[in-house]
Amino acid sequence: MKVCKFGGTSVASAEQIRKVVDIVTSDPTRKIVVVSAPGKRFSDDIKVTDLLIELADKSLAGKDTTEALQKVVGRYHEIAEGLGLDNDISQVIEQDVIRRLKKDQSDEILYIDSLKAAGEDNNAKLIAAYFRHIGMEAEYVNPREGGLLVNHRPERVRALPEGDEKLSKLRERNEIIVFPGFFGYTEDGTLRTFNRGGSDITGALLAAATNAELYENFTDVDCVFAANPTVIESPRAIETVTYREMRELAYAGFSVFHEEALVPAFRHSIPVCIKNTNNPSAPGTMIVRNRDNTIQPVIGIAADKGFSTLFVDKYLMNLEIGFGRHLLQILEEEEIPYEHTPSGIDNLSVIIKSEHLCEEKEARIMTRIEQELHPDDVHFQEGYSMVVLVGEGMRHATGLAARAASAIARTGANIEMINQGSSEVSLVFGIQESDENLVLSELYKEFFSEVPAH
Ligand code: ASP
């Protein structure tokens with residue numbers, strides 16, 4: 001039994017949904033179908049999720065919502081019409097969005113979550129209706145009924161294992177299950193959405209709970225590439241990658257698969273295949289537990305902008321017990337997560353995603369560090385990129401860091417930070433954002449120009 005998930009571009013129009021239905025019906029083991037909200041049909045298009053966020057914002061600001069509502073409903077209407085479905089389904093969808101609009105606004109986040117989820121929820125209803133329209137046995141299953149249980153606010157949303165038993169029962173159903181991605185319910189029935197792109201997570205949770213033989217994640221590219229194809233011309237396709245490698249790549253900018261979606265697949269050893277809805281016969285990329293990493297120690301190179309450093313320097317810092325803990329506690333109290341903490345004997349840098357910072361927070365943190373830790377120097381600096389070499393084979397390869405550093409040196413870029421975790425699955429270089437593309441190209445040349453094509 002396979003769980004397949006179709007991303008936004010795969011379900012953006014009637015034409016795309018027909019491809020989805022062909023893919024599902026061509027293989028009887030494709031039993032559980034997780035769908036996103038309609039995404040972009042062309043590059044300047046707007047995703048339904050973004051239209052819904054705009055609608056929620058208008059409603060919260062007390063503005064007229066007629067036009068924004070029509071934009072959402074219009075997308076579904078067009079799809080339903082293109083699929084030859086009668087008007088009933090469009091009516092159901094319009095009423096559903098209006099019902100959500102009228103909900104209690106006292107918790108703005110939950111109000112927005114409920115509207116955002118309308119994107120996948122209604123698309124699942126519509127796609128299930130289309131399966132039935134063409135004579136297939138199919139059923140829409142709401143995540144509450146299905147058992148997708150999530151934790152309460154204010155904690156970051158995550159699925160709770162208590163829901164798994166109920167979810168596992170989906171495997172026993174005979175009909176095709178169409179399940180909306182991106183959201184679940186707390187025990188008391190409150191809807192919460194995952195982070196953006198979170199339908200991948202739903203698919204992985206269902207694949208894990210039902211112990212599927214394979215989780216297929218259909219998107220709009222043939223495979224995962226070894227580097228960003230918008231920077232590197234025709235990068236190498238990755239045939240097989242391990243969960244840990246993919247986690248590192250997804251973290252550092254490979255947006256093909258949500259980083260949080262790997263956890264359930266990894267814990268239950270469910271293989272994942274990334275495939276293209278527009279070219280389903282292409283083999284895609286397999287994500288598995290182990291691969292032969294002797295031929296290719298580095299599997300991919302990722303790069304991501306938008307990092308800041310908090311730099312703290314104090315003479316004899318290494319002798320001061322509790323210095324690091326105290327510094328990180330200040331960040332914790334400001335609710336700031338951190339990424340890396342490279343250190344020297346007398347200094348410590350904390351690398352933070354810039355989106356978690358603002359001027360006031362930075363000022364407060366600096367004042368506290370000055371007053372409580374008495375450093376010789378403390379400052380924030382923004383504008384960093386993290387370039388990450390990823391590969392399980394790096395653990396056994398010698399001289400790899402030297403090769404990478406020399407390649408970066410050839411570009412003239414300065415390495416601001418190097419970090420290699422003890423697992424040695426990744427090697428991270430902090431550089432200036434403006435050097436990112438050049439560094440990526442040079443590293444790609446260094447590690448991939450000699451790898452034989454498959
Ligand atoms: N529709 C949601 C988004 O645009 C979730 C998803 O597509 O996975 O982020």
Side-chain angles (χ1 to χ4, degrees), residues 3-13 16-17 19-20 32-57 68 71-73 75-76 79 93 96-97 100 109-127 140 142-143 146 148 150 156-159 178-185 191-208 215-221 224 246 250-251 253-265 272-278 287 355:
V3 171
C4 22
K5 178 258 167 181
F6 292 89
T9 54
S10 304
V11 287
S13 65
Q16 290 298 89
I17 291 174
K19 291 183 193 167
V20 167
I32 299 180
V33 179
V34 176
V35 296
S36 279
K40 292 186 179 193
R41 294 158 294 181
F42 40 87
S43 63
D44 292 339
D45 200 11
I46 305 175
K47 294 176 173 190
V48 165
T49 309
D50 290 310
L51 294 175
L52 285 160
I53 294 171
E54 189 192 316
L55 175 63
D57 287 346
K71 277 197 217 161
V72 173
V73 176
R75 283 290 300 270
Y76 288 103
I79 295 174
I93 293 172
D96 175 77
V97 182
R100 290 172 201 254
I109 303 242
L110 292 178
Y111 181 75
I112 298 172
D113 274 2
S114 162
L115 270 159
K116 269 196 296 195
E120 343 303 273
D121 204 21
N122 287 306
N123 217 20
K125 287 180 208 159
L126 192 153
I127 292 170
Y140 151 81
N142 178 272
L148 207 162
V150 296
R156 192 178 67 78
V157 61
R158 62 190 160 76
V178 186
F179 200 101
F182 195 35
F183 66 99
Y185 290 88
L191 185 158
R192 292 189 72 192
T193 57
F194 295 118
N195 286 345
R196 290 303 300 267
S199 298
D200 287 354
I201 306 172
T202 307
L205 288 167
L206 262 56
Y215 171 31
E216 292 177 310
N217 196 284
F218 283 89
T219 173
D220 52 8
V221 287
V224 180
M246 193 61 215
Y251 162 75
F254 276 38
S255 56
V256 140
F257 194 59
H258 201 291
E259 58 174 333
E260 289 176 55
L262 284 158
V263 183
V272 183
C273 188
I274 309 286
K275 282 178 85 75
N276 190 352
T277 300
N278 304 315
I287 311 174
E355 68 197 36

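When a residue number appears, it is its place in the shown sequence, counting from 1. Start at 1 and go down the list; that is how both ligands and their atoms are numbered.
The contact set between ligand 1 and Lys47, taken as ligand atoms under 4.0 Å from a residue heavy atom, comprises 4 (O). Those atoms of ligand 1 with a heavy atom of Phe182 less than 4.0 angstrom away are 2 (C), 5 (C).
Of all protein heavy atoms, the one lying nearest to atom 7 (O) of ligand 1 is Ser36 OG, 3.0 Å. Here the heavy atom of the protein found nearest to atom 1 (N) of ligand 1 is Thr49 OG1, 2.7 Å. When only non-hydrogen protein atoms are considered, atom 6 (C) of ligand 1 lies nearest to Ser199 OG, 3.4 Å. Among all protein heavy atoms, the one lying closest to atom 4 (O) of ligand 1 is Arg196 NH2, 2.9 Å.
Under 4.0 Å is where a charged nitrogen must lie from a carboxylate oxygen, and between Arg156 and Glu260 at least one such pair does. With salt bridges taken as basic N to acidic carboxylate O contacts below 4.0 Å, one links Asp45 and Arg75. The existence of a salt bridge linking Arg100 and Asp121 is confirmed by a sub-4.0 Å separation between a basic side-chain nitrogen and an acidic carboxylate oxygen. For Asp50 and Lys71, the salt-bridge test fails: no basic side-chain N is under 4.0 Å from an acidic carboxylate O.
The shortest heavy-atom distance from Gly197 to ligand 1 is under 4.0 Å. Remark: distances from the non-hydrogen atoms of Gly181 to ligand 1 are all 4.0 Å or more.
Between Tyr215 and Phe257, the ring-plane angle classifies as tilted under the 30° and 60° cut-offs.
Closest non-hydrogen pair, Val35 versus Glu120, comes out as O-CB, 3.6 Å. Here the closest non-hydrogen pair linking Tyr76 and Pro38 is OH-CD, 3.5 Å.
Here Glu120 has side-chain heavy atoms under 4.0 Å from ligand 1, and that is the only part of it that gets that close. With a 4.0 Å cut-off on non-hydrogen atoms, Lys116 does not touch ligand 1 at all.
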